[in-house]
Amino acid sequence: MPLRTSPTSKDLRLTLLLLGLVPLALWLSWAYFTSSEPRRVPYSELVSDVEAGKVQAAQVEPDRIVAKLHPEGGKRAQSIAVDRIPRMDERGLLDAMEQQHVVLSGQEPRSSWWLWALWLGIGLPLLSAPVVLWMVSSKGPAGRSRPMTFGRSKAKLYDRSAEQGATFADVAGVEEAKAELVEVVRFLKEPQRYQAIGAHVPKGVLLVGSPGTGKTLLARAVAGESGVPFFSMSGSEFVEMFVGVGASRVRDLFEQAKQRAPCVVFIDELDALGKARAGAHGLASNEEREQTLNQLLVEMDGFAPGAGLVIMAATNRPEILDRALLRAGRFDRQVLVDRPDIRGREAIVRVHARKVVLAPDVDLGLVARRTPGMVGADLANVVNEAALASVRRNATAVTMGDFEEAMDRLQLGLKKEGRVMNEDEKRRVAFHEAGHALVALTVPNADPVHRVTIIPRSIGALGATLQLPTDERYVLTREELDDRLCVLLGGRSAEEIACGTISTGAQDDLERATAIAKQMVCRFGMSDALGPLTWGRTDGLQLVQGPETFERDYSEETARAIDAEVRRIVEASHARAAGILRDRCDALDAIARDLLVRETLERAELETLAGPSSERRAVAPAAVA
């Protein structure tokens with residue numbers, strides 16, 4: 001929160017005036033209520049006054065009797081009151097009043113609620129005004145208001161005196177990103193070297209990557225390596241329902257950072273704060289968010305490059321950021337924190353497995369090969385699930401079987417051991433998975449089969465065929481995509497051959513096969529009929545892996561040609577898979593029968609049942625170990 005000035009003389013005079021009005025309001029209220037309240041007397045005194053003829057009128061209320069006396073000596077008439085005694089016979093008192101011609105009424109007195117409302121409307125504000133003024137004007141440490149914290153930054157501070165909890169040794173699998181940030185660490189450690197030559201590091205470093213890749217951990221590692229304070233705040237914590245609060249928090253954050261320089265300021269989920277502003281028409285604008293963004297831009301321009309202040313931010317949606325944030329002089333360096341490759345995944349698993357007791361049979365390289373596409377957060381979850389599986393077995397160390405169970409649990413879901421399939425369904429599922437496995441063992445460019453199971457899982461799969469890539473692939477040939485299509489359609493083909501009918505079990509296989517075929521035609525130019533062209537434009541900047549949005553930019557005639565070519569590719573792969581399974585029907589039956597008995601088969605067992613493949617042997621003799 002910005003530093004506040006001391007209270008002015010006008011504020012002091014207003015405070016003294018309000019403090020003077022409070023006793024006056026209290027005295028007036030006390031005088032009114034005490035003057036209008038009747039004097040309480042004993043019951044016997046009321047009886048004596050009635051018999052002496054001093055009572056002019058009386059009013060009977062539920063809990064008391066109020067009597068008005070005759071005025072004496074020109075004074076104002078007084079009122080007295082007595083409490084009514086339960087179960088007491090008041091007939092004699094009422095008869096005496098009647099004999100003395102006392103005006104007797106039984107109507108309840110009118111409530112004075114309006115007096116209390118007047119007091120609440122005037123007295124309480126008078127009492128609270130000095131307190132509010134003190135809250136606004138009083139200052140705490142560093143000149144910030146103690147109680148009024150609406151505009152104060154909510155950033156978490158990790159000081160150099162405390163454990164940073166992260167260094168570059170704790171970050172694995174993102175070596176390129178770490179290399180980019182080493183320069184920032186050197187600047188924070190030895191700024192004079194850069195100042196002597198006239199160089200300066202970028203003011204802002206934007207970490208871009210998919211969720212869970214370690215962007216926040218990298219930012220904390222920068223602060224840990226350099227030994228400087230680390231301010232961490234999420235972009236959503238700036239924006240509130242009150243206009244101006246977010247901008248105030250930005251000012252307060254930078255004010256605190258400048259006082260502790262050199263330091264690192266990290267803003268997580270920058271897209272919540274830095275989304276592109278509304279256009280000229282102002283449609284769907286958010287005044288509070290835009291004011292906060294404008295204040296951030298001003299603050300980033302307001303400090304000198306050599307001030308020792310480094311701004312870091314993270315986002316997984318860089319395409320929606322405002323362009324003013326990405327220009328030179330603000331977030332002028334963008335570091336891509338990509339998904340790790342197989343070596344990176346193995347390094348990440350080793351980091352997370354430091355605190356876990358591992359059995360000798362654990363192969364972390366195999367864990368890395370079995371988890372393609374997983375990011376650091378996913379791999380940390382795999383290690384934790386493996387440890388939990390070990391505890392459930394009451395074991396003293398985590399074995400490779402625990403890792404296999406953990407990976408199956410995360411990739412396929414929980415086992416549905418209570419689900420009982422009838423014999424026909426179980427037989428169909430066994431042949432379906434045997435078809436996938438046998439085609440994968442036959443075609444030359446398929447990833448090796450790791451395991452086949454027909455144990456139902458919670459995600460809806462009644463079985464699964466797990467393939468284990470031998471290495472990381474970044475470029476796929478047309479032949480490799482054709483073999484993938486063939487493996488996907490092997491399950492449906494096996495059902496047709498062994499059961500004579502088809503079922504709904506191949507739904508996911510057909511969706512994935514259709515998507516691959518459409519990519520081959522529209523994105524990769526792998527169609528002889530349509531040629532080496534791409535069809536359809538992608539919407540947005542695809543720096544982070546995610547679903548693409550296609551915009552159609554071709555005619556109806558071309559659309560019909562694309563549909564026909566996709567159909568041709570899928571049907572050709574289906575016919576090829578069916579031909580492979582008919583040629584090897586004995587191996588298909590053997591794998592399916594063994595699956596019905598044992599429910600899970602490993603790679604070595606599958607290769608023994610399937611035997612040698614002439615197609616794989618002729619095309620790729622070294623592909624099978």
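For reference, positions follow the sequence shown, starting with 1.
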After noting the C-alpha distance and the side-chain angles of Q411 and T371, does the key distance pass the side chain to side chain contact (heavy atoms under 4.5 Å, CB included) rule?
-> CA-CA 9 Å; Q411 293 174 340; T371 53; 4.3 Å; yes

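- Checked by atom type and distance alone, the side chain of N294 pairs as donor or acceptor with a backbone atom of E290 at under 3.5 Å.
- Atom CZ of R323 has 12 or fewer neighbouring heavy atoms from other residues, nucleotides or ligands inside a 6.0 Å radius.
- For the atom pair CZ of F254 and CD of Q259, the computed distance is 14.0 Å after rounding to the nearest 0.5 Å.
- When each of R345, R339, R343 is tested with D341 by the rule salt bridge (Lys or Arg N to Asp or Glu O under 4.0 Å), just one qualifies, namely R343.
- Here the CG-OG distance, from D338 to S210, works out to 7.0 Å after rounding to the nearest 0.5 Å.
- Other residues, nucleotides and ligands contribute at most 12 non-hydrogen atoms within 6.0 Å of the CZ atom of R512.
- Across all their heavy atoms, L481 and L476 have their closest contact at CD2-CD1, 3.8 Å.
- Listed here is the closest heavy atom pair of A440 and V449: CB-CG2, 3.4 Å.
- Although no hydrogens or angles enter the test, the distance criterion places a donor-acceptor pair under 3.5 Å between the side chain of D378 and the main chain of V375.
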Worked check of salt bridge (charged side-chain N to carboxylate O under 4.0 Å, His left out) between E346 and R350 = CA-CA 6 Å; E346 183 176 356; R350 292 189 182 279; 2.9 Å; yes

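- Nearest heavy-atom pair across T600 and R451 is CG2-CD, 3.4 Å.
- The closest side-chain heavy-atom distance from L253 to R249 is not below 4.5 Å.
- Residues D402 and R409 are not paired through a salt bridge, judged by the lack of any N-O separation under 4.0 Å between the basic side chain and the carboxylate.
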Let me see the working for L530 and I562 under side chain to side chain contact (heavy atoms under 4.5 Å, CB included), right down to the final yes or no.
-> CA-CA 8 Å; L530 293 173; I562 291 174; 3.6 Å; yes

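- In this structure, CG on L533 lies 15.0 Å from CZ on F524, to the nearest 0.5 angstrom.
- The aromatic rings of F230 and F266 sit parallel to each other, their planes meeting at less than 30°, with 60° as the upper class boundary.
- In terms of heavy-atom proximity, A257 sits nearest to F231 at CA-CE1, 3.9 Å.
- V452 and A437 get closest at one heavy-atom pair: CG2-CB, 3.6 Å.
- Between the side chains of S234 and E269, no donor-acceptor pair of N or O atoms lies under 3.5 Å.
- With contacts defined as side-chain heavy-atom distances shorter than 4.5 Å, the pair Q467/V487 qualifies.
- Judged purely by atom type and a 3.5 angstrom limit, R370 has no side-chain atom pairing as donor or acceptor with the backbone of M407.
- When side chains are defined from C-beta on, R330 does not count as touching L296, because their heavy atoms never get closer than 4.5 Å.
- To the nearest 0.5 angstrom, H450 atom NE2 is 12.5 Å from T465 atom OG1.
- N384 has its side chain within reach of L388: a pair of non-hydrogen atoms, C-beta onward, lies under 4.5 Å apart.
- The two residues L206 and L326 have their closest heavy-atom pair at CD2-CD2, 3.7 Å.
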Could you go step by step and tell me if L325 and L270 meet the side chain to side chain contact (heavy atoms under 4.5 Å, CB included) rule?
-> CA-CA 10 Å; L325 275 172; L270 182 64; 4.2 Å; yes

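- The backbone N or O of V443 sits nowhere less than 3.5 Å from a side-chain atom of D483 that would complete a donor-acceptor pair.
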Hey, mind stepping through V521 and I569 against side chain to side chain contact (heavy atoms under 4.5 Å, CB included) and telling me if it holds?
-> CA-CA 9 Å; V521 175; I569 293 175; 3.7 Å; yes

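- The side-chain heavy atoms of L188 and V184, taken from C-beta on, include a pair separated by under 4.5 Å.
- The neighbour count for E175 CD, taken as heavy atoms of other residues, nucleotides or ligands under 6.0 Å away, is above 12.
- With a 4.5 Å cut-off on side-chain heavy atoms, L489 and L510 count as touching.
- Side-chain contact between L309 and V265: present, with at least one pair of heavy atoms (C-beta onward) separated by less than 4.5 Å.
- With 3.5 Å as the limit, one finds no donor-acceptor pair spanning the side chains of Q291 and Q295.
- Put simply, CD1 on I320 and CG on D271 are 4.5 Å apart, with the number rounded to the nearest 0.5 Å.
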Under 3.5 Å, sequence neighbours excluded: what are the donor-acceptor pairs made by side chains of residues 361-369?
residue, atom, partner, partner atom, Å
D361, OD2, M400, N, 3.4
D363, OD1, G365, N, 3.1
D363, OD1, L366, N, 3.4

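- At a threshold of 4.0 Å, the pair D170-R220 does not count as salt-bridged, since none of the basic side-chain nitrogens sits closer than that to a carboxylate oxygen.
- The side chain to side chain donor-acceptor pair (under 3.5 Å) check on R186 picks up nothing, with sequence neighbours excluded.
- Using modelled atom types, no side-chain atom of K215 and backbone atom of V337 make a donor-acceptor pair closer than 3.5 Å.
- Counting heavy-atom neighbours within 6.0 Å of R478 CZ, excluding the residue itself, gives a total above 12.
- Taken from CD in E405 to OG in S390, the straight-line distance is 10.0 Å, to the nearest 0.5 Å.
- For E225 and K178, the salt-bridge test fails: no basic side-chain N is under 4.0 Å from an acidic carboxylate O.
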